[in-house]
J.: 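First the structure, which I've put down as structure tokens, then a few questions once you've had a look.
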2 protein chains.
Amino acid sequence: MSTSVTSRALDLLGAFGPEHRALTLSSLARRAGLPLATAHRLVAELHRWGALARLDTGEYVIGRRLWDLGLLAPVQAGLRQAASPFLHDLYGATLATVHLAVRDELEVLYIDRISGHASVPVVSKVGSRLPMHATGVGKVLLAHAPEPVRGEVLQRLHRVTPYTVTQPARLLEQLRRVRAEGFATTGEEMSPGACSVAVPVRGPDGEVVAALGIVVPDLRRERARLVAALRVAAQGIGRVLTSAQWKQGLA
Amino acid sequence: MSTSVTSRALDLLGAFGPEHRALTLSSLARRAGLPLATAHRLVAELHRWGALARLDTGEYVIGRRLWDLGLLAPVQAGLRQAASPFLHDLYGATLATVHLAVRDELEVLYIDRISGHASVPVVSKVGSRLPMHATGVGKVLLAHAPEPVRGEVLQRLHRVTPYTVTQPARLLEQLRRVRAEGFATTGEEMSPGACSVAVPVRGPDGEVVAALGIVVPDLRRERARLVAALRVAAQGIGRVLTSAQWKQGLA
DNA sequence: GACGGTCCTTCCGGCCAATGGAAGGTAAGT
DNA sequence: ACTTACCTTCCATTGGCCGGAAGGACCGTC
């Protein structure tokens with residue numbers, strides 16, 4: 001055993017997640033694998049510092065101080081900053097949910113998002129990770145990912161909705177077309193009633209550094225217009241991405 | 001002394017701030033008031049867990065794992081979510097930098113922000129805190145703050161630019177007008193070349209829960225139109241803010 | 001090429017702070 | 001009144017933390 005105090009405290013923080021935003025002391029202890037008394041002491045300390053806050057129900061949640069800290073993280077800061085205005089343009093032109101995402105290991109990491117009043121409800125949130133084979137931005141990133149990654153992902157095509165592509169051969173063919181045509185689409189493959197289009201964002205050296213996508217209820221009618229708008233925005237982002245700003249993002 | 005290990009680790013994290021996003025090991029140790037060897041051990045542990053990341057320069061920055069955690073914090077989550085679409089509308093209508101802010105003790109805390117291509121460069125950032133007496137959103141929040149808070153703030157009107165209002169009597173008169181007219185303005189009081197207009201966002205019970213503001217290079221020409229647009233957006237946000245969604249935000 | 005500076009990393013024995021079982025208190029459900 | 005589940009406090013034991021010191025890497029400067 002011999003786990004250090006620090007790592008225990010961190011494990012308590014790690015017990016929080018998208019599915020577990022509010023936890024009682026005892027569930028925190030359980031999830032972190034700590035004796036209740038120990039968890040109690042550590043949680044009290046985290047709470048005193050402001051890393052955790054306590055709701056009036058007695059449950060603990062991530063505190064404001066960690067929110068502050070999180071915002072300081074240089075997670076693709078250069079990319080986010082460069083892309084922000086273009087995302088707004090794109091939203092203005094389409095009034096659809098707009099996504100900016102990068103690849104994180106075998107998943108898609110959503111870096112920024114805009115959704116308006118009438119947008120289709122979608123699962124994604126800034127900071128959330130979703131499977132690559134079932135999202136528009138995911139397919140774009142997968143199509144341009146290094147071969148080993150693609151291999152790994154193709155082995156684990158789990159079904160999300162009835163329309164999710166789960167046959168490796170079929171997905172491979174789609175990826176080929178993504179590279180050839182320069183955009184990817186999905187049709188209710190991640191969540192019912194949501195279709196998406198996405199294009200690659202290319203950095204100064206021409207390599208794909210991110211994907212830009214939008215989610216709409218129906219794709220058939222104006223795919224051409226959407227792809228055009230996406231391309232304009234993606235090119236704009238790429239132009240702004242000088243290597244100076246870009247170096248900040250870390251793996 | 002007798003500072004616990006955990007609080008020492010947290011102090012190391014607390015050494016980061018808007019002005020100090022990247023720190024070397026030794027400056028971390030200095031800022032946290034820890035012996036180098038101790039800091040080294042703790043930082044290594046934080047790094048291993050992913051709370052800190054290391055740039056290729058050897059400096060440490062806040063890591064992705066803390067970014068993830070921070071996004072889980074329910075810091076005005078209900079408000080942010082409710083307001084988001086209206087912020088975009090507002091940006092679309094004005095093409096100016098748009099701010100959503102709440103009061104945090106004696107300062108303004110920026111909850112969300114949109115800035116486009118041509119917007120005036122401004123200091124604010126999501127998560128940053130600025131003085132209330134020199135910003136549009138600040139004046140709105142101050143005008144509707146409880147008396148003790150207003151008293152405190154009026155005693156500390158430090159000058160930021162040559163145009164900053166530093167006479168308590170004059171600011172009080174402005175706040176009176178803010179309450180009467182329903183909007184606040186600033187003219188280069190926080191940063192040169194930036195003027196702002198802001199209006200209150202009222203919750204279900206009519207109390208002021210946030211402020212909505214925009215920053216423009218010049219105010220004289222279309223103040224009326226901007227105020228009108230702001231009011232529409234603020235009312236929209238207020239309407240969406242059911243008490244159910246609102247309870248999440250914590251002090 | 002020796003020197004002064006700043007940085008990072010490793011080591012290890014003394015000592016003190018973290019540990020966690022146990023007991024007591026609260027609250028809700030049966 | 002019993003049961004279950006939660007939170008909080010206490011304290012004797014002990015094992016992990018502490019941090020001075022030593023060593024190494026990497027600048028620039030003389």
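In what follows, every chain begins at residue 1, and chains take the letters A, B, ... in the order their sequences are listed.
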J.: Taking CZ from A:R48 and C1' from D:dT8, how many angstroms apart are they, rounded to a whole number?
T.: 14 Å
J.: Test A:V137 against every option in A:L100, A:V108, A:V102, A:V199 by the side-chain contact (heavy atoms from CB on, under 4.5 Å) rule and name the one that passes.
T.: A:V108
J.: Can you tell which of D:dC17, D:dC6, C:dT19 lies closest to the side chain of B:V5?
T.: D:dC17
J.: Could you go through B:H47 and B:R54, starting from their C-alpha distance and side-chain angles, then the distance that decides it, and tell me whether this counts as side-chain contact (heavy atoms from CB on, under 4.5 Å)?
T.: CA-CA 8 Å; B:H47 182 226; B:R54 202 163 191 187; 3.9 Å; yes
J.: With a 4.0 Å cut-off on N to O distance, would you call A:K139 and A:E189 a salt bridge?
T.: yes
J.: Please list, pair by pair, any protein nitrogen or oxygen found under 3.5 Å from a nitrogen or oxygen in nucleotides 23-29 of chain D.
T.:
none

J.: Round to a whole Å and report the spacing from CZ of A:R41 to C1' of C:dA17.
T.: 9 Å
J.: Starting at CG of B:L36 and ending at P of C:dT9, how long is that distance when rounded to a whole Å?
T.: 9 Å
J.: Taking 4.0 angstrom as the limit, do B:D11 and B:R31 come out as a salt bridge?
T.: no
J.: Please pick, from C:dT19, C:dC8, C:dG21, the nucleotide with the shortest atom-to-atom distance to any side-chain atom of B:R54.
T.: C:dC8
J.: Looking only at the side chain of A:L25 (C-beta and beyond, no hydrogens), which of the listed nucleotides C:dG20, D:dG19, D:dT8 gets closest?
T.: D:dT8
J.: OP1 or OP2 of C:dG20 sitting under 4.0 Å from any side-chain N/O of A:R8?
T.: yes
J.: Could you state the atom-to-atom distance from CG of B:L42 to P of D:dG16 in whole Å?
T.: 16 Å
J.: Compare side-chain N and O positions of B:S26 against OP1 and OP2 of C:dT6 and report whether any pair is under 4.0 Å apart.
T.: no
J.: Once you round it to whole Å, what is the distance between C1' of C:dG21 and NE2 of A:H40?
T.: 15 Å
J.: With respect to B:Y110, which candidate in B:D104, B:V123, B:L130 satisfies the side-chain contact (heavy atoms from CB on, under 4.5 Å) definition?
T.: B:L130
J.: In whole Å, I'd like the distance from the CG atom of A:L55 to the P atom of D:dC6.
T.: 17 Å
J.: Of the options D:dC18, C:dC8, C:dT19, whose atoms approach the side-chain atoms of B:T24 most closely?
T.: C:dC8
J.: D:dC7 C1' sits how many Å from A:L23 CG, rounded?
T.: 15 Å
J.: Where is the tightest heavy-atom contact between B:R113 and B:T97, given as atom of each residue plus distance?
T.: CG-CG2, 4.2 Å
J.: For A:L28 and D:dC7, give me the distance from atom CG to atom P, rounded to whole Å.
T.: 9 Å
J.: Just say parallel, tilted or perpendicular for the rings of A:F86 and B:H117, cut-offs at 30° and 60°.
T.: perpendicular
J.: Kindly say if B:T38 contacts the phosphate of D:dG19, meaning a side-chain N or O under 4.0 Å from OP1 or OP2.
T.: yes
J.: Toward the 5' end of DNA chain D, which comes first, B:L34 or A:R30, by nearest nucleotide?
T.: A:R30
